[in-house]
Amino acid sequence: MDSLTSLTDGFATALTPVNLLWAALGVLLGTAIGVLPGIGPAMAVALLLPVTYGLEPTGAFIMFAGIYYGAMFGGSTTSILLNTPGESAAVVAAMEGHPMAKAGRGAQALAAAAIGHFAGGMIGTMLLVVLAPTVAALAVDIGAPDYFALMVLAFIAVTSVLGSSRIRGVASLLIGLTLGLVGLDQLTGQQRLTFGSLQLADGVDVVIVAVGLFAIGEALWVAAHLRRTAGRPVPVGRPWLGREDLRRTWKPWLRGPFLGFPFGAIPAGGAEIPTFLSYVTEKRLSKHRDQFGKGAIEGVAGPESAASASAAGTLVSMLTLGLPTTAVAAVMLAAFQQYGIQPGPLLFEREPELVWGLIASLFVGMVLLLALNLPLAPVWAKLLRIPRPYLYAGILFFAAVGAYAVGGEALDLVVLLVVGLLGLGMRRYGLPVLPAVIGVILGPAAEQQLRRALQISDGSVTGLVNTPFAVAVYAVVLLLLGWQPLRKALARRRAGARAAESYDDIEGPTRR
Amino acid sequence: MTTDPKSWLKDRSELGVSALLLLLGVLVLTDALTLDVDVSARGPVGPATVPLLVGCGLLVVAVLLAVDVLHGGRGEAEGGEDVDLDAPADWRTVLLLVGVFLGFAVLIGPLGFPVSGALLFWGAAYALGSRHPARDPLIAAVLSLLTYGVFDRLLGVPLPGGPLMGVL
């Protein structure tokens, strides 16, 4: 096996003391961020983008991946003990985990979640090792029209699958594309939307947009609606599982990844859908169906395992195709751009050390996370008591550091604030933030590929669909566009059937 | 249904988003149309094509959004762990934070990062309701100095030290 040799080399990279340190730092930060309310993994990685100015790429990405996985682990702690999921992936964990915690079984819920994340992450990462080189090899000679098709897919997916309103998603995407247009045209050097300003000729830095939308926008939005009486976390002891609990959880742990991984890999799949699917599956298969809703441990184990596996799936499409399917992947893509590295099929050939070191570090990180989370969960839970003014002041503080580090200019701070106010407005009016970020990150690249493809075909639009790969991608795009009407029709039918059978199915995950 | 025009508008304040999108679209289109395309056009697709597409898209979305709002569609305000959507929005805090942040942007040059950063954290915590006369500034100072150390000295990301670092 070729990928096994590469993976061994990857472990050689990941196990160097420096990289181990970055992995440990990443999972520590990630767990803390996951536990802390109000900070998601995307915001965390965005806030840490400035370290890319001082760090070599392998270390930076090892740290980012640690944050991504760590935040998944930590997020379930908040869900279970506080019943307020921060990440959409952790919504399901709250449904069974919080009742368990209230019934005095919080320790078991935390253990089921932590081991579930470990199992899901391990299985997901193994699938990543097996699949990623294959996907990369298949896609290795894709050209401009194919890249453009992939980016169109990303745009469509992010606007039509996520969020409740497609029109607001498209509005957000267009705002992002507009921001991406600012600056000099890459091919002709003409100034676009610069209004004669020299500062704007460089374009709006992706770091500033990501930090502004994710961090400043979020902090200001929370400030406007700050809950004056914070929820009280349920006190909890050290996580452990009894024999009976183990008997009930091992199958859900193993089943979860096979739902999570594929959904993570497809555009805009993310973790929300597979965690919910896993929940429903476990409910169907459980012998303790009556406990669901009141604290069934299977309902924590399966979905949490699916959530971590979906993170691995996300990395497949991000690394092999340069296609970000979640907010974290989008910000990581921005980090790749900071280094001038283009993720895609060629990444595995050009940067084997980086890619395989990153993948190997995922295994290392998973072990570290399990060691950190099982015995230390009560310590992490203490983070839930942090005074909210400090938390959000800290977010503003680090966002300011990040934006200033971009170019050492105070004007960037003003731009950051303006983007942050934009993010505030978007949150107020239900415009999802992710499409805008994807628009800024992928917009300029998409334009370049479009113009290159049309240059080759001498302006004929057929130049965009002259490869089987591109045609296949556009077929998926059409499928996605048809998905929403289809889902609505299905939901209506199912609602009718449910009314007829009076079947006690659960409600969908909380809309957020 | 109320006929009071003020509350009618307040209920449909999302139309403002639509107006902004419209404005943005016009801006992008004007900019694209005034580009000097002929001189440097290389290939069939010049620098104006994509802006034209985006500009038209913005106009279309602005109209569709307005139609949606007039038909009763509403964007769902985003929830969150610390977000209480039932309480009325507290714009005073937001304004204070904006002020503190702008103050940081002005002061970072003359005062350097450690001092201005500490003021930023302290000011933001104060705006958000923290009132510890000793603990707040202490945390702010430690955080700011630590961050300066990590970024400027360890990671090699330069931050201005200001007069304070000149003394130390």
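Just so it is clear: chains get the letters A, B, ... in the order the sequence lines come, proteins before strands, and each one is counted from 1.
Between A:Phe195 and B:Leu27, the closest side-chain pair of non-hydrogen atoms falls below 4.5 Å.
Highest contact tally toward chain B, considering only A:Leu173, A:Val170, A:Thr178, is held by A:Thr178 [criterion: heavy-atom pairs under 4.5 Å]. Between chain A and the residues B:Ala140, B:Gly123, B:Pro51, the most heavy-atom pairs under 4.5 angstrom are made by B:Pro51. Most heavy-atom pairs under 4.5 Å with chain B, from the set A:Val433, A:Asp185, A:Ile167: that is A:Ile167. Of the listed residues B:Phe104, B:Phe101, B:Phe151, the one with more heavy-atom pairs under 4.5 angstrom with chain A than any other is B:Phe101. Of the residues considered (B:Leu24, B:Leu143, B:Leu102), B:Leu143 shows the highest number of contacts with chain A, using heavy-atom pairs under 4.5 Å. Interface remark: of the candidates A:Pro387, A:Ala219, A:Ala400, A:Ala400 forms the most heavy-atom pairs closer than 4.5 Å to chain B. Annotation: maximal heavy-atom pairing with chain A below 4.5 Å, among B:Ala125, B:Gly109, B:Gly57, B:Gly55, occurs at B:Ala125.
A:Leu424 touches chain B through its side chain: at least one heavy atom from C-beta onward sits under 4.5 Å away, while N, CA, C and O do not. For chain B, the nearby parts of A:Leu396 are the backbone and the side chain; heavy atoms of each come within less than 4.5 Å. Using a 4.5 Å cut-off between heavy atoms, A:Arg192 contacts chain B through both its backbone and its side chain. With a 4.5 angstrom heavy-atom cutoff, B:Ser144 touches chain A via backbone and side-chain atoms both. For A:Tyr390, the parts sitting under 4.5 Å from any heavy atom of chain B are the backbone and the side chain alike. With a 4.5 Å cut-off on non-hydrogen atoms, B:Leu58 touches chain A through its backbone and its side chain both. B:Ser130 touches chain A through backbone and side chain together, each having a heavy atom under 4.5 Å away. In this structure, chain A has no heavy atom under 4.5 Å from any part of B:Tyr126. Both the backbone and the side chain of B:Arg135 come within less than 4.5 Å of a heavy atom of chain A. Of the two parts of A:Glu409, neither the backbone nor the side chain holds a non-hydrogen atom closer than 4.5 Å to a non-hydrogen atom of chain B. Using a 4.5 Å cut-off between heavy atoms, B:Val98 contacts chain A through both its backbone and its side chain. For B:Leu53, no part sits under 4.5 Å from any heavy atom of chain A, backbone or side chain. Residue contact with chain A, scored on non-hydrogen atoms closer than 4.5 Å, involves the backbone and the side chain of B:Ser13 alike. Heavy-atom distances place the side chain of B:Val17, and not its backbone, under 4.5 Å from chain A. Interface residue B:Phe121: backbone and side-chain heavy atoms are both found under 4.5 Å from chain A.
Not counting sequence neighbours, the partners of A:Ala410 by the side-chain contact (heavy atoms from CB on, under 4.5 Å) test are B:Ile108.
Looking only at distances, a side-chain donor or acceptor of B:Ser18 sits under 3.5 Å from a matching main-chain atom of B:Ala62.
Between B:Phe113 and A:Phe397, the distance separating the two ring centers is shorter than 6.0 angstrom.
When every heavy atom of B:Gly161 is checked against every heavy atom of B:Pro114, the shortest pair comes out as O-CD, 3.5 Å. Nearest heavy-atom pair, A:Leu464 versus A:Ala453, reported as atom, atom and distance to 0.1 Å: CD2-CB, 3.8 Å. Scanning both residues, B:Leu97 and A:Ala223, for their nearest heavy atoms gives CD1-CB, 3.5 Å. Across A:Phe155 and A:Gly439, no two heavy atoms sit closer than the pair CE2-CA, 4.2 Å.
For the pair A:Arg168 and A:Tyr429, the cation does not sit on the ring face, since its NZ or CZ is not both under 6.0 Å from the ring centre and inside 45° of the axis.
Note that the NE2 atom of A:His98 and the CG atom of A:Leu81 stand 8.5 Å from one another [nearest 0.5 Å]. To the nearest 0.5 Å, atoms CG (A:Leu213) and CE (A:Met426) are separated by 6.0 Å.
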Return all side-chain donor-acceptor pairs below 3.5 angstrom for residues 412-422 of chain A, not counting sequence neighbours, or 'none' if the list is empty.
none

Inset, instruction - Please assess B:Leu119 against B:Leu111 for the test side chain to side chain contact (heavy atoms under 4.5 Å, CB included), listing each intermediate value before the final yes or no. - result: CA-CA 10 Å; B:Leu119 287 177; B:Leu111 293 186; 4.3 Å; yes
